Amino acid sequence: MDPLVRLLQLLVFLLAFPLHLMALLGFWEPLCKTYFPYLMAMLTVRSNRVMESKKRELFSQINRLAGTSGKVALLELGCGTGANFQFYPTGCKITCLDPNPHFEKFLTKSMAENRHLEYEQFVVAFGEDMRQLANGSMDVVVSTLVLCSVQNPKRVLKEVQRVLRPGGVFFFWEHVAEPRGSWAFLWQQVLEPTWRHIGDGCHLTRETWRDLENARFSELHVERQPPPIKWLPVGPHIMGKAVK
């Protein structure tokens, strides 16, 4: 790693030393799991305002995946506060999966506000191991701002393919690294060790499009977007779909 990056990382580490000490002693993670849903509830309202048209365009394609019953079995991976529910079409049967049980009360509120959907279950699990869900049980899997924070994106995508039926679709909207060699990428490298604690495991420098390209979906469509919230250190976003 560039010596300049290491030096700047050290300076940021010293500035945020109490946070790193709490993390080392095991006090930070329980606190983060409690406050993070409130932070996401606040940020997703603004993000949805900026991205509303794009999200509606992306998720409108779900209608085409309905079976003869007119229903779509949809898994939202890292469902968070249920910020995407308003964009899903009528007829979706939603399974929510998130490793943080503190999101459930926010989901309950979102469910009450979106009665056009049917809710199946809330599964507390990591995306790398979704053993509670059967092979080929989902028509659609959705991931928005999730692959940045999972421990192993490749394993998550393998699980996504396992639970999707043949011809099922994975819809994604994820933030990714700035171009290598840019000043913006340098600052992402500098901030990432501290940001992971603030953002509940969020990585700023992941090149998620590479994982999608290597996941061997039968089709992959990716569109690049500028970040919706300029003052955060997260970089550009990618959105699109991958077909099993």
Side-chain angles (χ1 to χ4, degrees), residues 1-2 4-51 76-84 97-107 110 124-128 143-153 156 172-180 182-208 211 225-239:
M1 186 180 292
D2 191 311
L4 176 61
V5 172
R6 290 189 179 277
L7 174 61
L8 292 172
Q9 280 182 341
L10 177 60
L11 291 175
V12 173
F13 176 86
L14 293 173
L15 288 171
F17 180 74
L19 186 156
H20 288 279
L21 181 61
M22 289 178 66
L24 180 65
L25 296 175
F27 298 139
W28 178 254
E29 185 174 356
L31 180 63
C32 180
K33 294 295 184 188
T34 301
Y35 91 78
F36 194 67
Y38 292 92
L39 176 63
M40 291 305 296
M42 178 183 68
L43 292 177
T44 51
V45 170
R46 178 173 178 180
S47 176
N48 273 348
R49 283 201 300 265
V50 176
M51 293 298 296
E76 177 146 0
L77 182 63
C79 54
T81 62
N84 291 324
L97 183 141
D98 202 291
N100 187 348
H102 294 288
F103 274 115
E104 188 165 14
K105 63 181 177 182
F106 292 90
L107 286 172
S110 293
V124 179
F126 291 94
E128 291 88 346
S143 164
T144 59
L145 304 181
V146 172
L147 295 178
C148 59
S149 59
V150 300
Q151 292 184 5
N152 191 323
V156 172
F172 55 87
W173 179 51
E174 301 286 346
H175 72 80
V176 296
E178 295 280 3
R180 288 176 179 261
S182 67
W183 280 105
F185 181 71
L186 181 145
W187 281 109
Q188 284 186 324
Q189 290 178 290
V190 169
L191 294 172
E192 186 166 79
T194 299
W195 183 258
R196 283 206 301 267
H197 294 309
I198 297 171
D200 197 17
C202 175
H203 293 71
L204 297 171
T205 61
R206 282 196 171 157
E207 297 175 328
T208 304
D211 294 321
Q225 298 285 336
I229 302 177
K230 302 294 185 183
W231 51 267
L232 291 178
V234 298
H237 288 52
I238 57 172
M239 66 185 303

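Note that the coordinates shown come from a computational prediction; the quantities given were computed from them, not determined experimentally. Both backbone and side-chain heavy atoms feed into the values below; hydrogens, waters and symmetry mates do not.
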Using 0.5 Å steps for rounding, measure from the [atom1] atom of [X] to the [atom2] atom of [Y].
X: Q225; Y: W173; atom1: CD; atom2: CH2; answer: 9.0 Å
X: T81; Y: E104; atom1: OG1; atom2: CD; answer: 13.5 Å
X: E174; Y: S149; atom1: CD; atom2: OG; answer: 8.0 Å
X: N84; Y: T144; atom1: CG; atom2: OG1; answer: 4.0 Å

(message) Holding to ring pair (Phe, Tyr, Trp, His ring centres under 6.0 Å), I want the full list of residues that pass it with F106, two or more places apart in sequence or in another chain.
(response) Y38

(message) Can you list everything that forms a ring pair (Phe, Tyr, Trp, His ring centres under 6.0 Å) with F172? Sequence neighbours excluded, please.
(response)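 F170.
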
Which pair of heavy atoms, one from [X] and one from [Y], lies closest together, and at what distance?
X: G82; Y: S110; result: O-OG, 3.7 Å
X: G78; Y: V146; result: O-CG2, 3.6 Å
X: H175; Y: C202; result: NE2-SG, 3.3 Å
X: Q9; Y: V190; result: CG-O, 3.5 Å

(message) Let's go through L232 and W195 carefully: what are the C-alpha distance in whole Å and the side-chain angles of both, what is the deciding distance for side-chain contact (heavy atoms from CB on, under 4.5 Å) to 0.1 Å, and is it a yes or a no?
(response) CA-CA 10 Å; L232 291 178; W195 183 258; 4.0 Å; yes

(message) R180: which residues meet the salt bridge (charged side-chain N to carboxylate O under 4.0 Å, His left out) condition with it, sequence neighbours left out?
(response)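 Expected list: E207.
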
(request) List in chain and number order the residues that pass salt bridge (charged side-chain N to carboxylate O under 4.0 Å, His left out) with E128, two or more places apart in sequence or in another chain; answer none if no residue qualifies. (result)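 Per chain and number, E128 pairs via salt bridge (charged side-chain N to carboxylate O under 4.0 Å, His left out) with no residue.
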
(request) Would you indicate whether the side-chain heavy atoms of D98 and E76 approach each other to under 4.5 Å? (result)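 Of all side-chain heavy-atom pairs linking D98 with E76, none is under 4.5 Å.
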
(request) Decide yes or no for L186 and L4: does some side-chain heavy atom of the first lie under 4.5 Å from some side-chain heavy atom of the second? (result) yes

(request) List for me each residue that meets side chain to side chain contact (heavy atoms under 4.5 Å, CB included) alongside P236, sequence neighbours excluded, and say none if there are none. (result)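 Only V176, E178, R224 meet the side chain to side chain contact (heavy atoms under 4.5 Å, CB included) criterion with P236.
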
(message) Could you go through F126 and V156, starting from their C-alpha distance and side-chain angles, then the distance that decides it, and tell me whether this counts as side-chain contact (heavy atoms from CB on, under 4.5 Å)?
(response) CA-CA 9 Å; F126 291 94; V156 172; over 6 Å; no

(request) In sequence, state the C-alpha distance, the side-chain angles, and the governing distance for H237 and L145, and then conclude on side-chain contact (heavy atoms from CB on, under 4.5 Å). (result) CA-CA 9 Å; H237 288 52; L145 304 181; 3.8 Å; yes

(request) Answer yes or no: does atom CZ of F185 have more than 12 heavy-atom neighbours from other residues, nucleotides or ligands under 6.0 Å? (result)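 Yes - once you tally the heavy atoms of other residues, nucleotides and ligands closer than 6.0 Å, there are more than 12.
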
Kindly list each side-chain donor-acceptor pair under 3.5 angstrom involving residues 11-29, sequence neighbours excluded, with atom names and distances?
{"from": "H20", "atom 1": "NE2", "to": "T194", "atom 2": "OG1", "distance (Å)": "2.9"}
{"from": "W28", "atom 1": "NE1", "to": "H197", "atom 2": "O", "distance (Å)": "2.9"}

(request) With side-chain contact (heavy atoms from CB on, under 4.5 Å) as the test, would you mind laying out the steps for R206 and V150 before giving the verdict? (result) CA-CA 11 Å; R206 282 196 171 157; V150 300; 3.9 Å; yes

(message) I'd like to know if the side chain of E192 reaches the main chain of L204, judged simply by a donor and an acceptor atom lying under 3.5 Å from each other, with no hydrogens or angles considered.
(response)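 Answer holds: yes.
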
